[in-house]
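What follows is a short report on a single structure.
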2 protein chains.
Amino acid sequence: MMTVELDPSVLTGADLFDVLDAQDRAEVLRVGVVRRLPQGKRIFAQGDPGITCHSLLEGRVKIVQTRPDGAQSVIRFIGPGEMYGTVAALMDMPFPADSVAVLDSLEIYWPVKVMRELMTRFPQVAIRSAASAGHRLFELQNRVGELSGERVEQRIAHALVRLVRQAGRRTDEGIEIDFPITRQELAEMAGSTLHTVSRTLASWDDRGITASSRRHIVVRKLHVLLDMADHGAS
Amino acid sequence: MMTVELDPSVLTGADLFDVLDAQDRAEVLRVGVVRRLPQGKRIFAQGDPGITCHSLLEGRVKIVQTRPDGAQSVIRFIGPGEMYGTVAALMDMPFPADSVAVLDSLEIYWPVKVMRELMTRFPQVAIRSAASAGHRLFELQNRVGELSGERVEQRIAHALVRLVRQAGRRTDEGIEIDFPITRQELAEMAGSTLHTVSRTLASWDDRGITASSRRHIVVRKLHVLLDMADHGAS
DNA sequence: CGTGACGTTGACGAACTTCAACTCCTGTGG
DNA sequence: CCACAGGAGTTGAAGTTCGTCAACGTCACG
């Protein structure tokens, strides 16, 4: 494992730590371990004991659940500044899903024991962490609602809207998803198959709603997507 | 609104408060409002500002999400001793779903301001609350996985297993769901329709797996149900 | 004893998945 | 620099699951 030189500013964007001043951030950094994650690297595995809390510094990580029959679903994508694995670790439970780097990435992690100390010393960190868990709770509640009633096209629209919010970058072509994503992954977000996603994107491309290519999606007409997401209007 | 005479022991079963001694529990009770909930009463509505934290003392409450097209999904059922509405309130957000009493029930609630004070004075209450939110997070994550790949029968099996764990009562006939539940509600838990649930239960009844009647379900062969839930074996 | 809410059952077909065969990139090693 | 291997994507056709429509039972309660 290599050690990487970093100055405290790398934690600036992190939800959990931007409430701290530079000195405290330096302290938080000092007690964590920074490491590179090559693309495809599995950071932790579903079922492993949750003994580490992670925060992404650069790149992109996906959280994937595998079911007994082997089918996978993408629970969420993690961007720079987001924490993951934290809830399981703090609750002393096994990780409920795998986490995999989808890009060459950089993370910092702490043994849960250390994170607990940090949270005691810096209660704002604990509060932020709880708030983030709360938001995820609501988001999952919405997803349960979506998955249990909506048609596939609508669910794919929802998934894509979510990606736009989380990883959308404005360009003159429209809003671009800023990391490479496959149809398979989009299917695993929407609870569908890569075939159906492929057909759906093809149709949206035809209608000028999106412009998609290999592992790359640009949303050209977000309003249409939003419409589909909550009316189901085609 | 009527006031109800209660002694502190009513909070004994409550996850959140059984860490407190009798005196502290009495204090917690004193600052809350106890009220009866007739069957069908809506306690709070999706979109309402979350300004109250609730705990069920007796009866049964369902948390239901309504989507723009009018379709509903049952997010969870609340039993005695469970909290609800708390996460939204503490996060100062609108309630993300309706809550409705499915039986004549009894609840206690606190303005969120008061709950925050209680949590400051009794940090164990805050810790319990966070742990409970964490468990719900994992449960929802699993449900997302289930809803996005599994076949209907398997999803209904999951829903029923969940009900057994939460509201199962051993009888000599098998394990009985201890509150009245309609096929419609089971369908809304499993992301299906009352028709499919009706057919599925009929088939299970034939095979001796369950014994269902009007708003009433007894599970006779839990192992078969568990098998179906995670193998998909029929 | 009538009026709703709840439940059942059959027929039908749309929506998707599954299967299969092909194409097109992209990176790698000879 | 080219060949080729494997990942990613496309597209048609076949097959199934399940939702939808419709009509009818039945239980509970006033």
Side-chain angles (χ1 to χ4, degrees), chain A residues 38-40 62 67 69-74 100 102-104 146-157 159-160 177 179-206 210-218 228 232-234, chain B residues 38-40 62 67 69-74 100 102-104 146-157 159 177 179-206 210-218 228 232 234:
Chain A
Q39 185 180 33
K62 64 175 173 181
R67 285 182 300 99
D69 69 354
Q72 301 198 310
S73 34
V74 173
V100 177
V102 294
L103 280 182
D104 289 338
E146 292 161 17
L147 286 169
S148 62
E150 296 175 355
R151 305 255 164 248
V152 171
E153 189 183 40
Q154 204 173 346
R155 299 203 307 264
I156 298 172
L160 193 44
I177 306 305
F179 66 95
I181 183 168
T182 64
R183 323 265 135 152
Q184 177 70 44
E185 285 166 334
L186 194 48
E188 285 168 4
M189 291 181 74
S192 178
T193 61
L194 81 158
H195 308 278
T196 302
V197 169
S198 176
R199 286 185 240 267
T200 305
L201 282 181
S203 144
W204 290 351
D205 283 0
D206 285 351
T210 54
S212 66
S213 54
R214 191 173 232 241
R215 292 165 52 98
H216 187 234
I217 304 175
V218 176
M228 283 196 308
S234 180
Chain B
Q39 187 179 29
K62 64 175 173 180
R67 285 181 302 99
D69 67 355
Q72 300 198 311
S73 33
V74 173
V100 178
V102 294
L103 281 181
D104 287 339
E146 291 160 18
L147 286 168
S148 61
E150 295 174 355
R151 305 255 161 252
V152 172
E153 189 182 43
Q154 204 173 346
R155 299 201 308 263
I156 298 172
I177 305 306
F179 66 96
I181 182 168
T182 65
R183 323 267 136 154
Q184 178 70 44
E185 286 165 334
L186 194 47
E188 285 168 3
M189 292 182 73
S192 178
T193 62
L194 82 158
H195 307 279
T196 302
V197 168
S198 176
R199 285 185 242 267
T200 304
L201 281 180
S203 145
W204 290 351
D205 282 0
D206 285 350
T210 54
S212 66
S213 55
R214 192 172 235 244
R215 292 166 58 100
H216 186 235
I217 304 175
V218 177
M228 283 196 308
S234 178

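Values in this document were obtained by computation on a predicted structure and should not be read as measured data. Here is the naming used below: chain letters follow the sequence lines, and residue numbers restart at 1 for every chain.
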Item checked: Short side-chain N/O contact from A:Thr193 to OP1 or OP2 of C:dT17, under 4.0 Å -> yes
Check: Any side-chain N or O of A:Ser198 less than 4.0 Å from the OP1 or OP2 oxygen of D:dG9?
Finding: no
Check: In whole angstroms, how far is the C1' atom of C:dT17 from the CZ atom of A:Arg155?
Finding: 12 Å
Notebook entry, point to check: With sugar-phosphate meaning primed atoms plus P, OP1 and OP2, does B:Arg199 contact a base, only sugar-phosphate, or nothing at under 4.0 Å between heavy atoms?
Noted result: base
Next item on the list: Please figure out whether B:Gly191 or A:Asp205 has its closest DNA chain D nucleotide nearer the 5' end.
Entry: A:Asp205
Next item on the list: Calculate the interatomic distance between A:Arg151 atom CZ and D:dT20 atom P; express it in whole Å.
Entry: 5 Å
Checklist line | Side chain to side chain, A:Thr210 and A:Val218, heavy atoms closer than 4.5 Å | finding: no
Note to self: Quick one: does any side-chain atom of B:Asp104 pair with a main-chain N or O of B:Gln39 as donor and acceptor, under 3.5 Å?
What the structure shows: yes
Margin query: Please report the distance, rounded to the nearest Å, between NE2 in B:His195 and C1' in C:dA5.
Written below: 14 Å
Next item on the list: Please report the C-alpha distance between B:Thr196 and B:Thr193 in whole Å, then the side-chain angles of each, then the deciding distance to 0.1 Å, and finally whether the side chain to side chain donor-acceptor pair (under 3.5 Å) criterion is met.
Entry: CA-CA 5 Å; B:Thr196 302; B:Thr193 62; 3.2 Å; yes
Margin query: Reading DNA chain D from 5' onward, which residue's closest nucleotide shows up sooner: A:Thr182 or B:Arg214?
Written below: A:Thr182
Check: Taking the side chain from B:Glu185 and the backbone from B:Thr182, do they hold a donor-acceptor pair closer than 3.5 Å?
Finding: yes
Next item on the list: Check the distance between C:dG7's C1' and B:Glu185's CD and give it to me in whole angstrom.
Entry: 14 Å
Next item on the list: Walk me through it: do B:Arg183 and B:Leu186 pass the test side-chain contact (heavy atoms from CB on, under 4.5 Å)?
Entry: CA-CA 5 Å; B:Arg183 323 267 136 154; B:Leu186 194 47; 5.5 Å; no
Notebook entry, point to check: What's the CG-C1' distance between A:Leu147 and C:dA15, to the nearest Å?
Noted result: 16 Å
Next item on the list: Mind calculating the distance between CZ (A:Arg183) and C1' (C:dT23) to the nearest angstrom?
Entry: 14 Å
Item checked: D:dT17 phosphate, OP1 or OP2, under 4.0 Å from B:Thr196 side-chain N/O -> no
Next item on the list: Check whether any side-chain nitrogen or oxygen of A:Ser213 sits under 4.0 Å from OP1 or OP2 of D:dG9, and answer yes or no.
Entry: no
Item checked: Protein-nucleotide distance (A:Asp69, atom CG; C:dT18, atom P), rounded to Å -> 10 Å
Notebook entry, point to check: Whole Å only: how far is the CZ atom of B:Arg215 from the P atom of C:dA5?
Noted result: 12 Å
